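Some notes on the structure that comes next.
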Amino acid sequence: MIPMDHYRSTAHELLEKISAGQASARDIEESLKARISQTDPRVKAYVRLAEQNSSDCAGVATKSGPLAGIPIAVKDNICTEGIETGCCSKILGGFKPPYDATVITRLRAAGASIIPSKLNMDEFAFGSSTENSCFGPTHNPWDLGRVPGGSSGGSAAAVAADEAIMALGSDTGGSIRQPAAFCGVVGLKPTYGRVSRYGLIAFASSLDQIGPLTKDVHDACLLMNVIAGPDPMDSTSCSSQPPDYTRSLVQDVKGLSIGIPKEYFVEGMDPEVKEIVREAIKKIESLGAKTKEVSLPHTQYAVPVYYIIATAEASSNLARFDGVQYGLRSSDKRQITGSKLIDMYKHTRGEGFGPEAKRRILLGTFALSHGYYDAYYLRALKVRTLIWRDFKNVFEECDCLLTPTTPTPAFNIGEKTDDPLQMYLSDVLTISANLAGIPAISIPCGFTRAGLPVGMQMLAPAFKEETLFKAAFTYEQATPWHTMKPKL
Ligand code: GLN
């Protein structure tokens, strides 16, 4: 008999069941598949599901390693050998990478199996709602009329809906943390350089990081233990060896000094979110932490600086999608002007990119263009340094920071699609961590009266993921939020 509720478990629970002989890799895969076919037609976390054959689970029973028997779901911008990876963009339609991203190589070596359907996302990770996917939106498991957040919306929704045990996402300006908050799961953006970006299809190379989305803090540590560490294939990966993150799973925040940045409790913020995060602050104080108000005075510049740097880097990274090397090539034979090759580029890019990708390519190209470079891009880099310096100063007076992850709970599907600026503003609390390169985690800290999850964010100095894990674990174990499940 197959115990069919394995899908509800965390990875650390399943690893215990496996070692006690109460579950096998095959049972877990069967259970998860049954769950996916039951709920994904409504949630739509996975893309290309119809093409899903049996995973590479065959043979997993004989594998060993710290994640042996655990299936991992992967965002559609992380390369998986022989498994279509398209950034949920038409322009990469049909692209099967000839190699694995370093994180995937490491996961396989750790005994994990890779789910062959990929997770939905905003096209090229441009967005905050997963509505910019060429496959259509993912639905928030807590309220199917709402967005799951983005761009790793498929990753967060799959974990929240128990359609994945754990998932990988990527975070350039909040794309792991914001969907984690909207869906009531744990999401970590590691320090820039802690996890290899080799095989991550680049959005903004100075900001991108791969990270875990999981059901609890313990699982985030397990996943980081496998994916973090130096990689000769990524020259920006840090050469120091990461610690064993599970050592941070201790319930102790006594004497921990937590800064509460006043700029993160802004006017116009949803009052329920504010109230729930204020409660969380009281809770962590009652567990022994000391909090104090601090200031990050350049916070107001984070959104404009980000949208210059991120679009500039994106416009340059996306230049390679020209119909020659990867994915789609337009078959449009119309001749407009110029050479045939230029026409082929034009048609391919015109047909292949969605409206948000085009908007960002145009914005980024403008910011980098002759005559505007100094006024926009160069100035943005200078202000980025001021934002980085704000954090440096504040971490001289405290060990970590605590803020809301998002100014509002999950919004309705379609609510912000006509107003890109409103959409960009929903990243106001997550973007600074990427600009400064520091680690940040989002964990569930309560629910609104309408039953929507709210996330709190903690930020620490570079390479201090352990501080985040320790504080997050202590809070999590003293509260019920991570155990709550949406009714599906
Ligand atoms: N929402 C932000 C954007 O649209 C961040 C996206 C991300 O982190 N990939 O750029």
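Order of appearance sets the numbers: ligands from 1, and atoms from 1 within every ligand. What's counted below: heavy atoms across the whole structure, side chains too, no hydrogens, waters or symmetry copies. The structure displayed is predicted, hence computed values, not measured ones. We're numbering straight along the sequence, starting at 1.
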For Tyr306, the atoms of ligand 1 under 4.0 Å from one of its heavy atoms are 2 (C), 3 (C), 5 (C), 6 (C), 10 (O)
Using a strict threshold of under 4.0 Å (side-chain N to carboxylate O), is an ion pair present between Asp162 and Lys485? yes
Does ligand 1 have an atom under 4.0 Å from some heavy atom of Arg360? yes
Please determine if Phe126 has a nitrogen or oxygen closer than 3.5 Å to a nitrogen or oxygen of ligand 1. no
Quick one: do Asp219 and Val186 satisfy side-chain contact (heavy atoms from CB on, under 4.5 Å)? Show the steps, please. CA-CA 9 Å; Asp219 275 9; Val186 172; over 6 Å; no
Per-residue contact class, Lys189 against ligand 1 - non-hydrogen pairs under 4.0 Å: neither
Using a strict cut-off of 4.0 Å, indicate which atoms of ligand 1 neighbour a heavy atom of Phe203. 9 (N), 10 (O)
Counting from 1 in the order shown, the ligand 1 atoms closer than 4.0 Å to a non-hydrogen atom of Ala125 are 6 (C), 7 (C), 9 (N)
Contact atoms of ligand 1, heavy-atom distance to Gly173 under 4.0 Å: 5 (C), 7 (C), 8 (O)
For this output row, return yes or no: ring centroids of Tyr99 and Tyr198 closer than 6.0 angstrom. yes
Does a donor on one side chain sit under 3.5 Å from an acceptor on the other, for Gln209 and Ser170? no
Those atoms of ligand 1 less than 4.0 Å from some heavy atom in Gly174: 8 (O)
I'd like to know whether the aromatic ring centres of Phe447 and Trp142 sit less than 6.0 Å apart in this structure. yes
Nearest to atom 3 (C) of ligand 1, what protein heavy atom do you find, and at what distance? Tyr307 OH, 3.2 Å
Would you say Ser151 touches ligand 1, if touching means a heavy atom closer than 4.0 Å? yes
What is the nearest protein non-hydrogen atom to atom 2 (C) of ligand 1, stated with its residue, atom name and distance? Asp427 OD2, 3.1 Å
Is it true that Tyr424 lies under 4.0 Å from ligand 1, counting heavy atoms only? no
Taking atom types as modelled and ignoring hydrogens, do the side chains of Tyr307 and Asp427 form a donor-acceptor contact shorter than 3.5 angstrom? yes
Tyr245 ring center near Phe469 ring center (under 6.0 Å): yes
Are the aromatic rings of Tyr301 and Tyr306 close, with centres under 6.0 Å apart? no
Given Ser128, Pro179, Ala310, Ser175, which one has a non-hydrogen atom that is nearest to atom 6 (C) of ligand 1? Ser175
Donor on one side chain, acceptor on other, Thr299 and Asp390, under 3.5 Å: no
